[in-house]
Structure formats: structure tokens, C-alpha cells
Amino acid sequence: MPELPEVEALKDFLTENLVGHEIVRVLPVAVSVLKTYDPPVTALEGHEVTAVRRHGKFLDVETGGGPHLVTHLARGGWLQWKDRLPDGPTRHPTAAPQGRAKRGSSLSRPGKGPLALRVALETGAGFDLTEAGTQKRLAVYVVGDPREVPAVARLGPDPLADDFDEERFAGLLAGERRQIKGALRDQGLIAGVGNAYSDEILHAARMSPFRLAASLTPREVSDLYGALRTTLTEAVERSRGVAAGRLKAEKKSGLRVHGRTGEPCPVCDDTVREVSFSDSSLQYCPTCQTGGKPLADRRLSRLLK
């Protein structure tokens, strides 16, 4: 799933390529991605893009005099920029089929394939929103104000904001009777950190993902804050200037423990281990984070339910 650094990089990329250009057509190929219907997506057409912003993991394309296009890419979603969109436009989902599309054609059956939504500019360039996999969670909102999106309205502070200091971070964790891994991933507590970067932050802080947030000492909170800011800042810098199509590979190359089960820890050379859950997993280094003790896997133990 794209997290704060990747969405920040997409924001910068779209700022460079969208701002100052007119949206001439918006085609929702998979109607299920649309989470709002008033105003319709066609309300974006004819308006110039004036800014692109990030709210946690949400992308916000702002138009002058028109609505906002707010997108959450979720786990399988991605944005694919095209300097020249295909000449044969993708069929609108409400259009009746006109025969089988040829292999390699830009035409596709509504709701079939990865293409979910296409946005075209007056230059002929534009972008596609795509989603891989069977779990369709990509979400697109057309709203007058991004805060009309409930999940945006509930977002906690941005961890890279200038006013997000150590004191504020400590205040957020005070009284949190949850494991620190879950607290870092809670978008209502801190916006933008997901499964991958929470693993990376905890590894950098040399902290067990199962520590209770409220049990951290002031020194541990300080170390965790430093790891949070450094990990995210470095990830943003690595992603800066990278083309949208290469951001996923750039993210993976910069991860030290997440997604690296069985590989040697780059700090101590111990083996990176994993704890699996029903729909996700976490990775950690026993030597760096848990005093050398492997954590129980929830698939094998009921003790951590």
C-alpha cells in the first residue's frame, strides 16, 4: 500500500504535471471506485488544476472554481501517468458493449481489468488510476471540500508537519493502551504511516512492535519520535524526483525489515522474522528489537489474541 512518502512523491509529480492544465474528460471505468455521486465526476471537466495536496495517504487534486478529486489508492491501487493517452478512449461504463475488444486495445469491459478511472488533460496527457487484485478498495471522491471525505476529516496530525514536535507526539501516545505498532498505524492518531513504515520506524527505534504505547519511558518516546521523523524524511527524499511508475520499486529497495522475512538484518545480521495476521504481517529483528526473543506468531499461538 502506498504510504506517506510515496503519496508525497505522487503529489510532487502531479503538481509538476497537472497544475495549470485543464481537465477535459474524466472516465470512471469501474463505477465501484466512486464513493460520491454529487457532484458527478463530469463536474471536474472544463476546470483548471490549481493545486495538488496530500492528506495522510489521500491525494487531493484541486481545481479552480470546480470540485476536488480526492483519491485513496488503498492496497492494490496505483496512479499511472501517460504523456499521451491512447487515441481510442476507454468505453464509459454505462455504454453498451460494441463487440469484443482486440487484444492490446485500450478498450476494456467495464469493471474488468485493472483500469478504474482515467483523467485526460487538454494536452492529450493524463493519468489512469488502476487497481490490482480481487479486493477492490481503491476509492475516489468528488467533493467541494476534502474534509467532506469522512476518513480525511478524521485524520490525525501529519508527522512531517513543522508543528509536529516531540511534545505533541508524546501527548498522542499518553494513555494509549494499545501496542505501539497499532498506534503508529492508526490514521486517526497519526496520518500517513502504514504497515511497512511502522515496521521500519520500530526497527530504527530498536523497539518491539508489541510494546504498549503508554508504557514507553520519556527516553523511548524521544527515540521513537526521532526514528519516525528520520525514517519518513529519508523515504520522502529517496522518492523525490522518481517517476510515478518507479515509486513502488524505490519503496521496496529502501526497506530494511518490512517484506524481508528470512533475510539478514542490515544492522546486526540476525534473521528478520515475521508475525502473520489474518490480512497482514509484520517483520522485525529479534536482536535489534526484542532482546533476541522471537515473538509468537498469531497463527500458532492464542496468547496474543
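Using the six-membered ring where Trp is involved, Phe58 and Tyr141 have ring planes that are tilted, between 30° and 60° apart. Between Tyr225 and Phe169, the two ring planes are tilted [angle within 30° to 60°].
Look at Lys181 and Asp199 and you find a salt bridge, because one of the NZ, NE, NH1 or NH2 atoms lies within 4.0 Å of a carboxylate O, short of that distance.
In terms of modelled atom types and a separation under 3.5 Å, the side chain of Ser198 and the main chain of Asn195 share a donor-acceptor contact. The closest donor-acceptor contact from the side chain of Thr63 to the backbone of Pro67 lies under 3.5 Å. Using modelled atom types, no side-chain atom of Glu263 and backbone atom of Thr271 make a donor-acceptor pair closer than 3.5 Å. Under the 3.5 Å distance criterion, the side-chain polar atoms of Glu45 are matched with a main-chain donor or acceptor of Val26. Between the side chain of Glu16 and the backbone N or O of Phe13, no donor-acceptor pair lies under 3.5 Å. Of the possible polar contacts, none joining the Lys251 side chain to the Pro2 backbone as a donor-acceptor pair under 3.5 Å is found. A donor-acceptor pair is defined here as one N or O able to donate and one able to accept, closer than 3.5 Å; no such pair exists between the side chain of His68 and the backbone of Val143. Without hydrogens or angle criteria, Arg229 side chain to Pro159 main chain gives a donor-acceptor distance under 3.5 Å. Using modelled atom types, one side-chain atom of Glu3 and one backbone atom of Tyr197 make a donor-acceptor pair closer than 3.5 Å. A donor-acceptor distance shorter than 3.5 angstrom exists from the side chain of Glu200 to the backbone of Arg256, with no hydrogens or angles considered.
Rounded to the nearest 0.5 Å, atoms OG1 (Thr290) and CZ (Arg273) are 8.5 Å apart. One distance of note links CD of Gln187 with NZ of Lys57; it measures 4.5 Å at 0.5 Å rounding. Once rounded to the nearest 0.5 Å, the distance linking CG of Asp269 with SG of Cys288 reads 10.5 Å. Residue Phe164 holds its CZ atom at 5.5 Å from CG of Leu228, rounded to the nearest 0.5 Å. For the atom pair CG (Leu282) and OG1 (Thr261), the distance works out to 9.0 Å, reported to the nearest 0.5 Å. Taken to the nearest 0.5 Å, the CG atom of Leu18 stands 6.0 Å off from the CZ atom of Phe127.
Nearest heavy-atom pair across Pro5 and Ser239 is O-CB, 4.2 Å. Across all their heavy atoms, Leu85 and Val119 have their closest contact at CD1-O, 3.8 Å. Nearest heavy-atom pair, Ser215 versus Glu220, reported as atom, atom and distance to 0.1 Å: O-OE1, 4.2 Å. Residues Leu44 and Ile23 share a closest heavy-atom pair of O-CB, 3.8 Å. Contact between Asp12 and Arg240 at its shortest, heavy atoms only, is OD2-NH1, 3.1 Å. Pairing each heavy atom of Thr231 with each of Ala227, the nearest pair is OG1-O, 2.7 Å.
Using a 4.5 Å heavy-atom threshold, the side chains of Arg211 and Leu224 count as separate. In this structure, Ser280 and Arg185 have side chains that are in contact, with non-hydrogen atoms separated by less than 4.5 Å. Using a 4.5 Å cut-off on side-chain heavy atoms (C-beta onward), Leu73 and Leu138 make contact. Asp60 has its side chain out of reach of Val52: every pair of non-hydrogen atoms, C-beta onward, lies at least 4.5 Å apart. Residues Thr71 and Val33 are not in side-chain contact: their nearest non-hydrogen atoms beyond the backbone lie 4.5 Å or more apart. Taking 4.5 Å as the limit, some side-chain heavy atom of Val267 sits within range of a side-chain heavy atom of Arg206. Side-chain contact check for Ser208 versus Leu295: some heavy-atom pair is nearer than 4.5 Å. Between Leu14 and Leu79 the shortest side-chain heavy-atom distance falls below 4.5 Å.
Defined by atom type and a distance below 3.5 Å, a donor-acceptor pair is present between the side-chain atoms of Glu166 and Ser222. Counted by atom type alone, Gln289 and His203 present zero donor-acceptor pairs between their side chains at under 3.5 Å.
A chain of hydrophobic side-chain contacts below 4.5 Å, direct or via other Ile, Leu, Val, Met, Phe, Trp or Tyr residues, connects Leu34 to Val61. Follow the hydrophobic side-chain contacts under 4.5 Å out from Trp81 and you reach Val19 in the same cluster. At a threshold of 4.5 Å between side-chain heavy atoms, the hydrophobic network of Ile, Leu, Val, Met, Phe, Trp and Tyr places Leu160 and Leu184 in one connected group. Following chains of ILVMFWY side-chain contacts shorter than 4.5 Å, one can reach Val7 starting from Leu129, so the two form part of one hydrophobic cluster. Ile180 and Leu232 fall within a single hydrophobic cluster, where Ile, Leu, Val, Met, Phe, Trp and Tyr side chains are chained together by heavy-atom contacts under 4.5 Å.
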* Residue pair Val275, Tyr284: steps toward the side-chain contact (heavy atoms from CB on, under 4.5 Å) verdict -> CA-CA 8 Å; Val275 177; Tyr284 69 100; 3.9 Å; yes

* To do: Report the C-alpha distance between Asp158 and Leu4 in whole Å, list the side-chain angles of each, state the deciding distance to 0.1 Å, and finish with yes or no for side-chain contact (heavy atoms from CB on, under 4.5 Å).
  => CA-CA 9 Å; Asp158 192 291; Leu4 184 154; 3.9 Å; yes

* Pair Arg137-His72, side-chain contact (heavy atoms from CB on, under 4.5 Å): steps then yes or no -> CA-CA 8 Å; Arg137 298 177 179 174; His72 190 280; over 6 Å; no

* To do: Could you check Leu69 against Val142 for side-chain contact (heavy atoms from CB on, under 4.5 Å), going step by step and ending with a plain yes or no?
  => CA-CA 5 Å; Leu69 176 67; Val142 180; 4.2 Å; yes

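Every residue meeting the side chain to side chain contact (heavy atoms under 4.5 Å, CB included) condition with Thr50, not counting sequence neighbours, appears here in chain and number order: Glu62. For Ser32, the side-chain hydrogen bond (donor to acceptor under 3.5 Å, both in side chains) test picks out no residue, with sequence neighbours left out.
Tested against Glu274 for a side-chain hydrogen bond (donor to acceptor under 3.5 Å, both in side chains), the candidates Gln283, His258, Arg260 yield a single pass: Gln283. With Pro146 as reference, Val70 is the one residue of Val70, Leu155, Leu59 to meet the side-chain contact (heavy atoms from CB on, under 4.5 Å) rule.
Summarising the local packing, CZ of Arg147 is surrounded by 12 or fewer heavy atoms from other residues, nucleotides or ligands at distances under 6.0 Å. Heavy-atom contacts from other residues, nucleotides or ligands closer than 6.0 Å to CZ of Arg54 number more than 12.
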